[in-house]
Amino acid sequence: MKPYGFLAVPRCDSALPAKIRGSRARALPDRALVNCQYSSATFSTGERKRRPHGDRKSCEMGLQLRQTFEAAILTQLHPRSQIDIYVQVLQADGGTYAACVNAATLAVLDAGIPMRDFVCACSAGFVDGTALADLSHVEEAAGGPQLALALLPASGQIALLEMDARLHEDHLERVLEAAAQAARDVHTLLDLVVRQHVREASILLGD
């Protein structure tokens with residue numbers, strides 16, 4: 001796994017019913033509205049981008065993030081409210097969606113928003129006849145089939161699975177398992193970090 005190839009800054013806010021952004025007609029009577037916005041800094045890649053926010057890729061990424069977290073957040077516990085998740089990429093080296101999901105998961109947990117489970121994600125691809133997980137920018141640029149997987153590790157439920165090219169069914173299982181195993185490894189690490197954070201917070205509060 002790449003420890004420093006990607007830097008994302010997540011922020012998660014839970015809005016009260018009176019603070020629904022935009023039209024009140026968007027408020028849902030039986031669950032919370034999940035709003036996700038994605039952007040990337042102009043210096044996040046080697047090429048400067050003129051439209052780091054609001055372009056087609058940003059909109060698609062925001063939609064993928066919303067679909068992912070709608071499957072994990074217990075939205076029915078907060079009717080007529082809105083949960084905002086903002087992710088900004090500062091440095092990218094492949095696996096953008098997966099890094100955004102993992103960073104946003106920690107932000108949602110830190111905000112105290114109830115979830116069914118962690119959401120852990122990883123990219124995978126098929127390069128030179130080998131199934132690889134956590135693709136770098138160079139590996140993504142090779143042009144082979146790639147997929148992005150978001151997993152709820154406890155139940156094994158897939159929150160999102162997307163492929164950007166055709167892949168023969170003989171290789172699909174290997175690539176999917178590579179992504180799933182990497183997502184489970186991410187879950188192990190995130191679970192340790194969250195438990196350590198809770199222990200330290202409990203000590204500071206004197207509990």
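Heavy-atom basis, side chains included; hydrogens, waters and symmetry copies ignored. Position 1 is the first residue of the sequence, and the numbers go up from there.
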Inter-residue atom distance D30.CG - R80.CZ, 0.5 Å rounding
9.0 Å
CD of E60 to CG of L65, rounded to nearest 0.5 Å, is 12.0 Å
State the NE2-CG distance between H197 and D110, to the nearest 0.5 angstrom.
5.0 Å
Where is the tightest heavy-atom contact between R116 and E70, given as atom of each residue plus distance?
NH1-O, 4.1 Å
Run the side-chain donor-acceptor check on residues 139-152: report pairs under 3.5 Å with partners two or more places apart or on a different chain.
residue, atom, partner, partner atom, Å
E139, OE1, S136, N, 2.8
E140, OE2, G95, N, 2.9
Q146, NE2, E140, O, 2.9

Hits for side-chain contact (heavy atoms from CB on, under 4.5 Å) against L77, two or more places apart or cross-chain, chain-then-number order -> L74, P114
One should read off an interatomic distance between L189 CG and N102 CG, to the nearest 0.5 angstrom, of 9.5 Å
Taking CD in E173 as the centre, count heavy atoms belonging to other residues, nucleotides or ligands within less than 6.0 Å. Is the count above 12?
no
What do the steps show when you test L160 against E162 for side-chain contact (heavy atoms from CB on, under 4.5 Å), and what is the final call?
CA-CA 7 Å; L160 186 136; E162 182 180 64; 4.2 Å; yes
Run the side-chain contact (heavy atoms from CB on, under 4.5 Å) test on L172 and M163 for me, step by step, so that the C-alpha distance in whole Å, both residues' side-chain angles and the decisive distance to 0.1 Å come before the verdict.
CA-CA 10 Å; L172 177 60; M163 292 198 64; 3.9 Å; yes
Establish whether I158 and M115 are linked, either directly or via other cluster members, by ILVMFWY side-chain heavy-atom contacts under 4.5 Å.
no
Mind checking the OG1-CG spacing from T68 to L161? Nearest 0.5 Å is all I need.
10.5 Å
Taking every non-hydrogen atom, the tightest pair across C120 and A183
CB-O, 3.4 Å
Under a 3.5 Å distance rule, please check whether T105 uses its side chain to pair with a backbone N or O of V119 as donor and acceptor.
yes
For D170, I'd like to know if atom CG has over 12 heavy atoms of other residues, nucleotides or ligands within 6.0 Å.
yes
Without hydrogens or angle criteria, can the side chains of D93 and Q91 be said to hold a donor-acceptor pair below 3.5 Å?
no
Taking the inter-plane angle between the rings of F126 and H171 on a 0 to 90° scale, is it parallel (under 30°), tilted (30 to 60°) or perpendicular (over 60°)?
parallel
Could you go through C100 and V89, starting from their C-alpha distance and side-chain angles, then the distance that decides it, and tell me whether this counts as side-chain contact (heavy atoms from CB on, under 4.5 Å)?
CA-CA 8 Å; C100 287; V89 177; 4.1 Å; yes
Are F118 and V186 packed together at the side-chain level, in the sense that at least one heavy-atom pair is separated by less than 4.5 angstrom?
no
Are L135 and L176 connected in a single hydrophobic cluster, I mean Ile/Leu/Val/Met/Phe/Trp/Tyr linked by side-chain heavy atoms less than 4.5 Å apart?
no
Closest approach of C122 and A133, non-hydrogen atoms and distance?
SG-CB, 4.2 Å
dist L28:CG -> Q82:CD (nearest 0.5 Å) comes out at 9.5 Å
Polar contact flag, side-chain donor to acceptor under 3.5 angstrom, T96-Y38:
no
State plainly whether one hydrophobic cluster holds both L190 and Y97, where clusters connect Ile, Leu, Val, Met, Phe, Trp and Tyr through side-chain heavy atoms under 4.5 angstrom apart.
yes
Within the structure provided, determine whether P153 and D117 are in side-chain contact (heavy-atom separation under 4.5 Å).
yes
If hydrophobic clusters are built by linking Ile, Leu, Val, Met, Phe, Trp and Tyr wherever their side-chain heavy atoms come under 4.5 Å apart, do V193 and V108 end up in the same one?
no
